[in-house]
Amino acid sequence: MLLLPSLRRTLIFSGEHKAFFSTAIIDTFRTALRPFPDYKPRTPSVQDTDFIHHIVRTLKHRYQFDQIPNILRPFASKFRQDHLIWILPHLKSDHTLVLDLFRWFQSRRRQPVSTEAFAIVSHIFICANRMNTAQSLVREGLSSHRHFVECMVYTYKHWSSNPVVFDFMVRELLDAKRIDETLVFVRRLFTYGIVVAVEVLNVLLLNLHVDVMIKVFEEFSEFGVDWNLISYNSAIHRLCMVERIEEAHKFFVEIKIKSGQLPDVVSYSTLIDGYCRIGDSEKVSELFREMELNGLNPNQFTYNSVLIILCKSGNMMDAEKVLVEMLDSGVTPDEFVYTTLINGYCKIDDLNSVYRLVEEMKTRSLFPDTVTYTVLINALCRNQKIVEADKIFEEMICKRLEPDEVTYSALIDGFCKAGNTKHAFELHNRMISLGLMPNIVTYTSLSDGLCKQGDVGSANELLYQMCGKGLELNVVTYNSLINGLCKIGNIRQAVQIFVEMGGTGLSPDAYTYTTLIDAYCKSGDIQRGHGLFGEMLKKGIEPSIVTFNVLMNGFCQSGMVEDGRKLLAWMIEKGVVPNSTTYNSLMKQQCSMKNMKNTMEIYKEMCSQGIKPDENTYNILIKGHSQARNLIEARYLHKEMTEKGFNLTETSYRAFIKGLFKRKKVIEAREMFEEMRGKGFSADKEMYNMFIDYNYTEGDMETTIELCDEVLEKCHVQVIQ
DNA sequence: GATAATCTAG
């Protein structure tokens, strides 16, 4: 009970310097509260007291005319650690003198400066609000004195009694990333009745693991911390980042209940961003409406989150609508908004819109930054424009924008995909020499590049070296490696890696399963492929359109038409929208059965669903029709595909030309033959024979001989004498 | 106190 009055003095919100008198809280932890340790400096002897006064007098008298080493020369040999501490109270108000004296003592190096002296001088400077000096003193103290924090607590009552000291200490501990220590310290301060400023505790929150953060939020509230809006918004943000949206929403609701404040535009935008990340558009609209009802206007942050999900799903029409809405409500798009939109158009490979937006940015005096350039480089790489991508990379360097690890990774990936792993590795070396650390994405790109060349061994070696640098393989790296092994026909080892991956605590995803299902299907083992499909469903991994297409291809290639049809029906029932690849497999199968009637029925079904035929569709249909000698259909489709800028493949050219030839459309066949050769494709023996025979009967000996030479060279035909 | 970019499957 005696404890209470003194506690009331120390129980202070240090940041605000206001007394804290809530008896309810004091009662809660009355038993836990304790006074600050009682500390007093040692008492000087009579001789020491004389010595000290002598020094103090001399210092005060001569300090403005002379330097400390000169002034103290006569005293230097007897000057000890304790003298320093005894002198300080007499000089307290002259901070420059205190610091000079302290530094002089340090520089003598006769005796190391004690933790106590460091702590006392730190107290003096923090209380004097001389923050720069205080900071360097505290930093020095923290880094070179093991018990500095402890000593600050011990010397507190005697030397400062100003709780600001602890805000300062906590800030510095956090700055030095000594997080666990900070947590222990703040909890200890509670036991003395000191509550560190919420502004400082907010920094602590940012540095805690999200689970610890939640616990601390609750725990500290009980100790009397009044979390503010910034605290709540940070907590919401942290939870959203790890997609723990329900918990984030709980914090959002608690703002009103527990802090008595109202969520602001940051709270709303942060929560909206969280819902955007998990793709819950209903909640997003709900929150937008709620914001409006509360008289809050969405800003760039709010709109950008919405734009990101629309762009990610390639829905640029709606993204443009949101942009208009944003402009209408008077919010001007910034670099972030533009970069998001540009990235959206990159993802659907609409380079024209990309260039349009870059120009539009300039008209608004916004300039592409490193991120915008990275997006552009990525767009060009995706469109096989590696030369242009490299040019853009040089351009950004010229504009003194610094490419970071993401920029390098994007370009490295581009070169890997273009098959130029050599240059990709050169870029990797260049980034290291510039002090940029390649990350797991960089290594995955390089490893994937090697795998795609069939060099899984080198990829393995590279990843081994990478692990030596402390980086860990992620799901993407594993998937790429599994794919590499599958593509060189080594399914067994791919499955081994699949098992190893599970052992490291990483869970296989839709990519992993799809890759293995495809490998099994292509090797003719539909049973195993189907088995894995069942396994992924059981594990709750959602199959993608690619998974369905891989299975569909498996069924169709094995002639399991009925299963293919059933799969299509099932997909539609489950709301998975088939695409052209799905239908292509079915059509290809029907073509191989020479059933063009069924093929065209499937084609019509596909078109009626609003699914546009792709390059592959046209190739399948033209080849099928040509082989069935339906030249009218083949020609019509060829015209249509040419208009769309699609190209025939080598086998389609061959089938089409043969079809034309057999239907006696010789001139047209000849034209196509030249066009095909012009594209670097070669004819087969049968086709050469057709044209050689024809030219010979027509009496064109020159062409006949030319074609004979070519067939000898290209088809390795042996000449029978 | 909150926003944009890089890697994997057909």
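Aromatic pair A:Y408/A:H428: ring centres not closer than 6.0 Å. Ring centroid separation for the pair A:F252 and A:Y268 comes in under the 6.0 Å cut-off. Taking the six-membered ring for Trp, A:F217 and A:F251 have ring centres closer than 6.0 Å.
Comparing B:dC7, B:dA5, B:dT3 against the side chain of A:V441 picks out B:dC7 as the nearest. For A:N474, the side-chain atoms get nearest to B:dC7 when compared with the rest of B:dA5, B:dA9, B:dC7. In this structure, the nucleotide among B:dA4, B:dA2, B:dG10 sitting nearest to the side chain of A:N579 is B:dG10. In the set B:dC7, B:dT3, B:dA9, B:dA9 carries the atom at the smallest distance from any side-chain atom of A:T515. In the set B:dA2, B:dG10, B:dA4, the nucleotide with an atom closest to the side chain of A:I545 is B:dG10. Of the candidates B:dT6, B:dA4, B:dC7, B:dC7 carries the atom nearest the A:T444 side chain, counting heavy atoms from C-beta on. Closest to the A:D448 side chain, of the nucleotides B:dT3, B:dT8, B:dG10, is B:dT8.
Distance A:K312 NZ to B:dT3 C1': 11 Å, rounded to the nearest Å. Remark: P of B:dA2 and CG of A:L287 are 19 Å apart, rounded to the nearest angstrom. Distance A:I620 CD1 to B:dG10 C1': 12 Å, rounded to the nearest Å. In this structure, CG of A:L463 is placed 12 Å from C1' of B:dC7, rounded to the nearest angstrom. When rounded to the nearest whole Å, the span between CG of A:D614 and C1' of B:dG10 equals 11 Å. Per the geometry, OH belonging to A:Y443 stands 17 Å off P belonging to B:dC7, to the nearest Å. Atoms CG (A:N299) and C1' (B:dA2) sit 8 Å apart, rounded to a whole Å. Atom pair A:D334:CG and B:dT3:P shows a separation of 13 Å (rounding to whole Å applied).
Residue side chain A:S409 reaches the base of B:dT6 through a donor-acceptor N/O pair under 3.5 Å, judged by distance alone. A donor and an acceptor atom sit less than 3.5 Å apart, one in the side chain of A:T374 and one in the base of B:dA5. Remark: the A:S544 side chain and the B:dA9 base include a donor-acceptor N/O pair separated by less than 3.5 Å. Between the side chain of A:T340 and the base of B:dA4, no donor-acceptor pair under 3.5 Å is found. Judged by distance alone with a 3.5 Å cut-off, no donor-acceptor contact links the side chain of A:S445 to the base of B:dC7.
Residue A:S447 is classed as having no contact, given no heavy-atom separation below 4.0 Å to the nucleic acid. Counting non-hydrogen atoms under 4.0 angstrom, A:M241 reaches the backbone sugars and phosphates but no base. Contact annotation for A:R277: backbone-only contact, meaning every heavy-atom pair under 4.0 Å involves sugar-phosphate atoms and none involves a base.
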side-chain contact (heavy atoms from CB on, under 4.5 Å) evaluation trace for A:T515 with A:D518: CA-CA 5 Å; A:T515 307; A:D518 188 42; 5.9 Å; no
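For the pair A:K452 and B:dC7, the criterion of a side-chain N or O lying under 4.0 Å from OP1 or OP2 is not met. Side-chain nitrogen and oxygen atoms of A:K487 include at least one within less than 4.0 Å of the OP1 or OP2 phosphate oxygen of B:dG10. OP1 or OP2 of B:dC7 sits under 4.0 Å from a side-chain N or O of A:N378. Side-chain N/O atoms of A:K588 include none lying less than 4.0 angstrom from OP1 or OP2 on B:dG10. One finds no side-chain N or O of A:N553 lying less than 4.0 angstrom from the OP1 or OP2 phosphate oxygen of B:dG10.
In this structure, A:E394 places its CD atom where more than 12 heavy-atom neighbours from other residues, nucleotides or ligands lie under 6.0 Å away.
Taking the 5.5 Å centre cut-off and the 30° plane limit, the aromatic side chain of A:F301 is classed as stacked on B:dA2.
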